[in-house]
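See structure below.
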Number of protein chains: 2
Amino acid sequence: MTALLHHFSQYITLSDDLSSEISNRVKHQTFKKGHLLHDANKICTHSYFIQAGLLRLYFLKDGKEVSEYFCCEKEWVNSPRSFMQQKADIYYIDAIEDTTVFTLHVQDLVFLFNHFPEMERYARLSMGSMVGHFLERITSMRFTTAREKYTHFCETYHDIYHRIPLGMIASYLGITQETLSRIRAGK
Amino acid sequence: MTALLHHFSQYITLSDDLSSEISNRVKHQTFKKGHLLHDANKICTHSYFIQAGLLRLYFLKDGKEVSEYFCCEKEWVNSPRSFMQQKADIYYIDAIEDTTVFTLHVQDLVFLFNHFPEMERYARLSMGSMVGHFLERITSMRFTTAREKYTHFCETYHDIYHRIPLGMIASYLGITQETLSRIRAGK
DNA sequence: AATAATTTTTGATCTGTATCAAAAAAATCA
DNA sequence: TGATTTTTTTGATACAGATCAAAAATTATT
């Protein structure tokens with residue numbers, strides 16, 4: 001719990017009231033490696049704050065999994081468009097490692113938004129850094145070689161890139177696993 | 001002005017008080033085609049809501065302009081990371097067409113955030129749709145041919161793709177102008 | 001521990017797109 | 001309106017990375 005409250009406090013000042021509302025509405029859960037937390041084509045009703053472990057957002061293209069991104073400790077995970085707009089979307093969420101999370105239901109989040117304006121601010125600010133990350137990623141995807149993409153990936157995902165299977169990294173980068181394998185081999 | 005207030009009202013309920021605060025703090029401006037609204041390596045202090053015209057965000061890579069994205073009527077434009085975090089960044093903003101905007105200074109926006117919680121909500125929601133767009137773009141950038149990228153571009157930028165020079169579209173898509181020219185020619 | 005399943009590596013070939021070069025077309029300017 | 005600049009098109013060639021195929025290594029299962 002401390003980790004979650006500490007996370008909020010990096011963006012806003014947490015009143016005791018808000019702290020306890022958050023604590024009371026959040027649920028602690030554990031998922032085994034390989035577990036599917038969210039299914040495509042369904043409405044995402046929960047958001048997960050990772051305490052320990054590693055989750056992945058992916059979708060299917062021509063029957064093959066394409067990793068959209070990876071989330072680790074101290075990050076929220078959900079199917080963004082599905083969770084925000086409460087509509088179906090293409091993303092699956094699964095666990096790359098055994099993972100423990102704090103789970104928040106969308107209705108509880110709505111309650112928090114409606115009763116605590118600082119929660120709106122928190123969401124605005126954290127969404128802002130999400131936009132920043134996406135921008136950087138889009139920039140680094142164009143006019144770069146496969147090797148440059150991989151190097152950039154290792155830099156930005158510095159603490160977790162070695163915990164992610166090669167094939168998942170390759171699809172995240174938009175290159176084939178064969179190519180990534182050769183890059184790693186230094187060919 | 002109506003256009004701007006109408007825009008806000010699509011996300012939040014505008015009180016008379018908030019409406020007039022917005023109106024009083026916003027400044028109407030016109031820029032000629034080719035005008036540089038914002039410079040790289042400087043702090044972005046203004047956000048522009050386009051009334052008519054077309055603006056572009058771009059950066060330099062190896063001395064060449066790479067278009068990050070295009071913004072048209074009824075959209076806010078700024079250098080996102082620079083404006084949000086008030087630090088220097090790589091983006092330039094220029095006008096592809098003669099453009100009229102409503103200009104808001106970052107300090108006025110901060111005032112609005114501090115006095116009107118619904119502005120925080122507005123920012124959260126509009127940032128959310130920004131995240132959605134970026135996600136879709138990242139998806140459509142991987143494992144697609146140059147032709148598919150262009151087709152997707154024309155679909156999402158349906159009303160403006162014909163107003164943007166070919167070379168700018170090519171760099172936006174991460175392909176060369178020669179390739180895009182051949183695609184258009186149907187080769 | 002042995003077997004099965006999955007993931008990664010290696011090899012050979014093919015192809016889409018980049019690159020380099022220059023002509024044609026369009027836009028801008030005096 | 002003609003001259004100059006910029007943008008787009010066309011052509012020839014080269015190469016990074018995809019694809020297809022299969023072996024090797026790793027991981028999971030009984």
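Residue numbers begin at 1 in each chain, while the letters A, B, ... track the order of the sequences.
- Although no hydrogens or angles enter the test, the distance criterion places no donor-acceptor pair under 3.5 Å between the side chain of B:Arg56 and the main chain of B:Ile93.
- A straight line from CD1 of B:Ile96 to P of D:dT6 spans 18 Å, rounded to a whole angstrom.
- Checked by atom type and distance alone, the side chain of A:Asp94 never pairs as donor or acceptor with a backbone atom of A:Gly34 at under 3.5 Å.
- Side chain of A:Gln177, nearest nucleotide from C:dT8, D:dT8, D:dG17: C:dT8.
- Distance CZ (A:Arg147) to C1' (D:dG17): 12 Å, rounded to an integer number of Å.
- At least one test fails for B:Arg121 against the ring of B:Tyr11: distance under 6.0 Å to the centre or angle within 45° of the axis.
- Side-chain to base pairing of A:Arg182 with C:dG11: one donor and one acceptor N or O lie within less than 3.5 Å of each other.
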Watson-Crick and G-U pairing of DNA chain C, under 3.5 Å, as dot-bracket with | and [ ]: ||||||||||||||||||||||||||||||

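- When the nucleotides D:dA18, D:dG17, C:dA18 are ranked by their closest atom to the side chain of A:Ile175, D:dA18 comes out on top.
- Residue A:Lys33 places at least one side-chain N or O under 4.0 Å from the OP1 or OP2 atom of D:dA28.
- Between the side chain of B:Lys87 and the backbone N or O of B:Ile43 there is no donor-acceptor pair closer than 3.5 Å.
- Looking only at distances, no side-chain donor or acceptor of A:Thr179 sits under 3.5 Å from a matching main-chain atom of A:Gln177.
- Rounded to whole Å, the distance from CE on A:Met141 to P on C:dT17 is 15 Å.
- The side chain of A:Glu178 lies closest to D:dT19, out of D:dG17, C:dT8, D:dT19.
- B:Phe143 places its CZ atom 8 Å from the P atom of D:dA18, with the value rounded to the nearest Å.
- Close to D:dG17, at under 4.0 Å from its OP1 or OP2, lies no side-chain N or O of A:Thr176.
- Among the nucleotides D:dG17, C:dT17, D:dT10, the one closest to the side chain of A:Thr145 is D:dG17.
- One interatomic measurement links the two molecules: CE of A:Met168 to C1' of D:dT26, which rounds to 15 Å at whole-angstrom precision.
- A cation-pi arrangement is present between A:Arg124 and B:Phe113, with the terminal nitrogen or guanidinium carbon under 6.0 Å from the aromatic centre and inside a 45° cone about the axis.
- A:Leu173 has its CG atom 11 Å from the P atom of D:dA18, to the nearest Å.
- A side chain to side chain contact (heavy atoms under 4.5 Å, CB included) with A:Met119 holds for exactly one of A:Leu18, A:Leu14, A:Asn114; it is A:Leu18.
- Put simply, CG on A:Leu166 is 13 Å from C1' on D:dA25, counting in whole angstrom units.
- Between B:Ser181 and D:dT9 there is a side-chain N or O to OP1 or OP2 distance below 4.0 Å.
- Distance NZ (B:Lys32) to C1' (C:dT28): 14 Å, rounded to an integer number of Å.
- Heavy atoms of A:Gly174 sit under 4.0 angstrom from primed sugar atoms or phosphate atoms, though from no base atom.
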